[in-house]
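One structure is given here, and the rest of the page talks about it.
Positions are given from 1 along the sequence.
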Amino acid sequence: MDCAAVPSLVSAFIDTFVDFSVSGGIILPPEPESIKNSSGPLRTVFPQPGRLVAVGDIHGDLPKAKSALRLAGLIGPGDRWSGGAATVVQVGDIFDRGGDEIKLLYFFERLRREAAKAGGTVITMNGNHEIMNVDADFRFATPQGVEEFENWGFWQCIGNGMKKMCDGIGRDSLFRDLCDGVPNEIPGIPPEFLNGIRVRIAALRPKGLISSRFLSKNQTVVVVGDSVFAHGGLLEKHVIYGLERLNEEVRDWIRGVREKVENRLVRRADSIVWLRSFSRKLVKDDDCSILEHVLETIPGARRMIMGHTIQEDGISVACGGRAIRVDVGMSSLCGDHFPEVLEIDENSELKVLTSNPSYMKRQYEASVQANQKDGLGSFIPQQRSTQVEVNA
């Protein structure tokens, strides 16, 4: 077939067909100019929006993710963006423990584009599970997740074959072997999962099709108004290293233009995506002092918002309101708790929106603790929450 006259049109049609097939029926709208990929640095600092919403760990559960966004009125009919000029930050850990990982990537990418067109902002972040998957550490991948990647690989090959049939489509848009460089045999992997694991490695490795297309857009740390977001948390050494610098280095590693990223940033227990010092059940006074100092080194910062550690009783606060923990274990395979989201208004007042019937229609408001110096406004009582840690 001669496609020389309209190669870009044919190629785009095939890509849309493949996207629709692997995403559960999503057709991505055109990417607005304001968020098109560029060679410039990732944006790290955003102004205070009129409305800011924080969403915790999702772990492969698309229905729960949609429920959380509906709580905040961010999506409406057809699960389309309805949040206007609001900003939403998803704090990482879309991957593992569930079977909707790729669908979630497409879903948030569509929201990112729809929100930008409406004047809003959708920010997705790297959690420890994103880093683990780029590192081909699949300890927490489920059979459903492996199957989803195997299906994705099948449709990628279908699309690639269709393009090869069209003379005139550039060779740079084709691949010879989707799993090129991936071992044919992987010790310890049962035969029924081998193909899915090989595809998963190929898709998520640095410069892989999924890592480059989706994960390279993730921030590892972001400042929105007076709130600092990090999946696990920040220490002074991270701030000294440079927030913009570490965002760029993690992105460049994911894109395959940088050979590695330092373990102290994303792999060690005290790294940005693994730290638990500010999200344990009992946060030590020394750790609260460290957090206070860290926030003082970031201009305008009043609080740090984190995921990573499940808060069994819902979104919680520690260190006199300086530490806000939003991982509520909502994924059906990682807690299966009721979705909750944190809302921050233009006056920097905080409120939890929940689907838990025990708290439904009840405002989570409490007086600021006596030792809270910054006057954050209303929030939930500190004694409400207890936490439990989960592996990784």
Side-chain angles (χ1 to χ4, degrees), residues 42-49 52-56 87 89 91-92 123 125-127 219-247 250 264-266 268-309 311 315-327 342-352 366-382 385 387:
L42 277 173
R43 188 171 181 181
T44 299
V45 179
F46 294 77
Q48 181 76 36
L52 172 61
V53 177
V55 180
T87 294
V89 180
V91 299
I123 299 169
M125 301 189 68
N126 289 314
Q219 281 94 335
T220 304
V221 58
V222 68
V223 180
V224 183
D226 53 12
S227 299
V228 181
F229 292 84
H231 182 71
L234 291 175
L235 298 175
E236 183 181 9
K237 64 179 180 179
H238 302 132
V239 181
I240 292 174
Y241 194 83
L243 304 186
E244 291 84 1
R245 177 186 176 188
L246 66 87
N247 266 340
V250 174
R264 63 173 170 156
L265 299 180
V266 294
R268 291 191 341 199
D270 61 350
S271 70
I272 299 164
V273 298
W274 282 94
L275 188 70
R276 297 190 192 271
S277 299
F278 313 131
S279 54
R280 300 181 184 277
K281 180 178 180 179
L282 297 175
V283 182
K284 299 177 182 178
D285 289 342
D286 288 347
D287 287 327
C288 286
S289 296
I290 290 171
L291 175 59
E292 183 81 19
H293 181 68
V294 170
L295 292 174
E296 288 175 351
T297 64
I298 302 174
R302 302 171 72 179
R303 67 185 71 86
M304 191 176 297
I305 300 175
M306 299 151 282
H308 189 44
T309 303
Q311 312 297 303
I315 292 173
S316 68
V317 60
C319 298
R322 296 293 199 180
I324 315 295
R325 296 83 67 88
V326 298
D327 178 8
L342 176 71
E343 179 185 71
I344 304 175
D345 68 17
E346 58 186 351
N347 298 316
S348 201
E349 294 186 351
L350 286 70
K351 182 169 63 176
V352 171
S367 298
V368 177
Q369 299 294 322
N371 65 340
Q372 188 172 345
K373 302 176 182 179
D374 58 347
L376 292 180
S378 301
F379 197 64
I380 54 178
Q382 283 190 266
S385 123
Q387 302 82 35

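- Under a 3.5 Å cut-off, the side chain of Q219 and the backbone N or O of N247 do not form any donor-acceptor pair.
- Every residue two or more places apart in sequence or in another chain that forms a salt bridge (Lys or Arg N to Asp or Glu O under 4.0 Å) with K237 is listed here: D270.
- Applying the salt bridge (Lys or Arg N to Asp or Glu O under 4.0 Å) test to R43 and every residue at least two apart in sequence or in another chain returns nothing.
- In the model, R325 has a side-chain atom that pairs as donor or acceptor with a side-chain atom of S316 under 3.5 Å.
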- Might you work through the side-chain hydrogen bond (donor to acceptor under 3.5 Å, both in side chains) test for T44 and E244, ending with a clear yes or no? CA-CA 6 Å; T44 299; E244 291 84 1; 4.8 Å; no
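- A perpendicular orientation is assigned to the rings of W274 and H308, their planes being inclined by more than 60° (bins at 30° and 60°).
- Of the candidates V239, V266, L265, L246 forms a side-chain contact (heavy atoms from CB on, under 4.5 Å) with just one, namely L265.
- Side-chain atoms of D327 and T309 include no donor-acceptor pair closer than 3.5 Å.
- Rounded to the nearest 0.5 Å, atoms CZ (R303) and CZ (F229) are 8.5 Å apart.
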- Task: Evaluate side chain to side chain contact (heavy atoms under 4.5 Å, CB included) for M306 paired with M304, printing each intermediate quantity in order.
- Result: CA-CA 7 Å; M306 299 151 282; M304 191 176 297; 4.1 Å; yes
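- In this structure, R245 satisfies the cation-pi test against Y241, with its NZ or CZ atom closer than 6.0 Å to the six-membered ring centre and inside 45 degrees of the ring normal.
- Between T220 and M125, the shortest heavy-atom distance links the atoms O-CE, 3.4 Å.
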